[in-house]
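Reckoned from all heavy atoms, side chains included, excluding hydrogens, waters and symmetry mates. Just follow the structure's listing: the first ligand is 1, and inside any ligand the first atom is 1. Start at 1 with the first residue, then count along the sequence.
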Amino acid sequence: MMIELEHFRMAYDDLGQGRPLVLVHGFPLSRAIWPAQAAQLSAHYRVLAPDLRGHGDSEATPGPYTMDLLADDILALLEALQIDQPIVLGGLSMGGYVVMAFARRYPERLAGLLLTATRAGSDTSAGKDGRRQAVAAVQQAGNIQPTVDGMLPKLFAPQTYSDNPNLVQKVRRIIEHTSMDGVINAQLGMLARPDSTAMLSNLDVPSLVIHGEHDQIIPLEAAQEMASVLSNGSMAVIKGAGHLLNMEQPAEFNQIVMDWLAGL
Ligand code: MLT
């Protein structure tokens, strides 16, 4: 589905009925990472999965796309759909950074937080340099191939590459669908994001951290650190999974999420 927001047309999926569960994808991906969650969780919840601006089928705009801006896009979607009941907001990786920005700005809108394959900290100076180099490589190439080549070998647990090559190819196509504006402006936005540790430690919203044992992009320790500051949180680790744990091990991921949602 497409919806006209103030600055761009946003693509999103809207499935099922009940308490809204909004799922925000990571970088440089799209709502196409959530099919297994949308299929199963929409039996009990209204699952909304947007494409962030510049990603998937959503229009790109000039950037940078700060996490605050992307969080405001989620709010704009809720307002456009006239959803005013508290939502469960979930995000994977960069989607988690967007979720934290949303929680900082609109905590009263939240019934729960799902933080998947993400971290609370801001970028180190080496991390910022890495993003600037990644942006320069894309600008120089004139296409996003350097990002495809840089990200794809890190998105999964080592075993997923041999056990599930179809999934790897599927995710390659999802990345290739991301616009150049999306890749560049999201990197610049992530680079500028603040540390969310203090915000999370003051947040009184039930929160679940889920992380893959073999995440090669965000180490398990970073997620454990984030979970340790939550006053109302718990954590689950999926063995043998990497950064895209919801796609690598959808049945286990969904079970953990459904058990947690049932207890809210
Ligand atoms: C993501 O997977 O969303 C990003 O790689 C996270 C990041 O670059 O920090």
Side-chain angles (χ1 to χ4, degrees), residues 22-34 37 49-56 58 63-71 73-74 89-102 114-138 144 146-157 160 167-168 170-172 174-179 182-197 209-212 214-223 225-226 238 241-248 253:
V22 181
L23 297 175
V24 185
H25 63 79
F27 169 87
L29 301 165
S30 76
R31 71 194 198 280
I33 69 164
W34 301 116
Q37 286 68 51
D51 281 345
L52 297 171
R53 57 171 85 191
H55 295 72
S58 285
Y65 302 164
T66 63
M67 300 304 104
D68 284 358
L69 179 79
L70 299 177
D73 290 343
I74 303 297
L89 182 58
L92 181 137
S93 199
M94 177 179 75
Y97 309 156
V98 175
V99 164
M100 289 178 242
F102 189 101
L114 182 58
L115 296 164
T116 300
T118 195
R119 58 161 29 120
S122 52
D123 283 354
T124 59
S125 56
K128 288 183 187 179
D129 285 346
R131 293 199 197 279
R132 289 191 194 101
Q133 282 160 16
V135 167
V138 165
I144 67 155
T147 295
V148 179
D149 296 340
M151 292 294 290
L152 204 60
K154 293 190 281 195
L155 284 172
F156 302 99
T160 301
L167 176 62
V168 178
K170 183 178 170 186
V171 169
R172 173 190 288 280
I174 294 174
I175 300 176
E176 286 171 346
H177 195 49
T178 310
S179 68
V183 166
I184 292 170
N185 292 321
Q187 286 281 29
L188 298 176
M190 287 193 280
L191 181 158
R193 77 187 190 286
D195 190 308
S196 291
T197 309
V209 173
I210 314 185
H211 214 83
H214 299 306
D215 192 321
Q216 302 187 67
I217 292 185
I218 299 187
L220 181 56
E221 297 71 43
E225 219 172 281
M226 174 174 67
I238 299 193
H243 193 59
L244 292 187
L245 63 169
N246 66 305
M247 300 182 95
E248 293 175 85
F253 182 91

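- Residue, atom and distance of the protein heavy atom nearest to atom 9 (O) of ligand 1 are Tyr97 OH, 2.6 Å.
- Short contacts between ligand 1 and Gly26, defined as distances under 4.0 Å to a heavy atom of the residue, involve ligand atoms 3 (O).
- Closest to atom 8 (O) of ligand 1 by heavy atom, among Lys154, Arg193, Arg131, is Arg131.
- Judged by distance alone, the side chains of Asp68 and Thr66 never bring a donor and an acceptor atom under 3.5 Å apart.
- Between Phe27 and ligand 1, at least one N/O pair is under 3.5 Å apart.
- The heavy-atom pair separating Gly56 from Ser30 by the smallest distance is CA-CB, 3.6 Å.
- Closest non-hydrogen pair, Thr178 versus Gly54, comes out as CG2-O, 3.7 Å.
- Heavy-atom minimum distance, Arg193 versus Ser122: O-CB, 3.2 Å.
- Atom 5 (O) of ligand 1 has Met151 CE, 3.5 Å as its closest protein atom, hydrogens excluded (heavy atom only).
- On a distance-only criterion, His243 and ligand 1 share at least one N/O pair closer than 3.5 Å.
- The atoms of ligand 1 that sit less than 4.0 Å from any heavy atom of Met94 are 1 (C), 3 (O).
- Protein heavy atom at the shortest distance from atom 4 (C) of ligand 1 is Ser93 OG, 3.4 Å.
- Taking the six-membered ring where tryptophan is involved, the planes of His55 and Phe27 are perpendicular, since the angle between them exceeds 60° and thus also 30°.
- Between the CG atom in Asp51 and the NE2 atom in His177 there is a gap of 7.5 Å [rounded to 0.5 Å].
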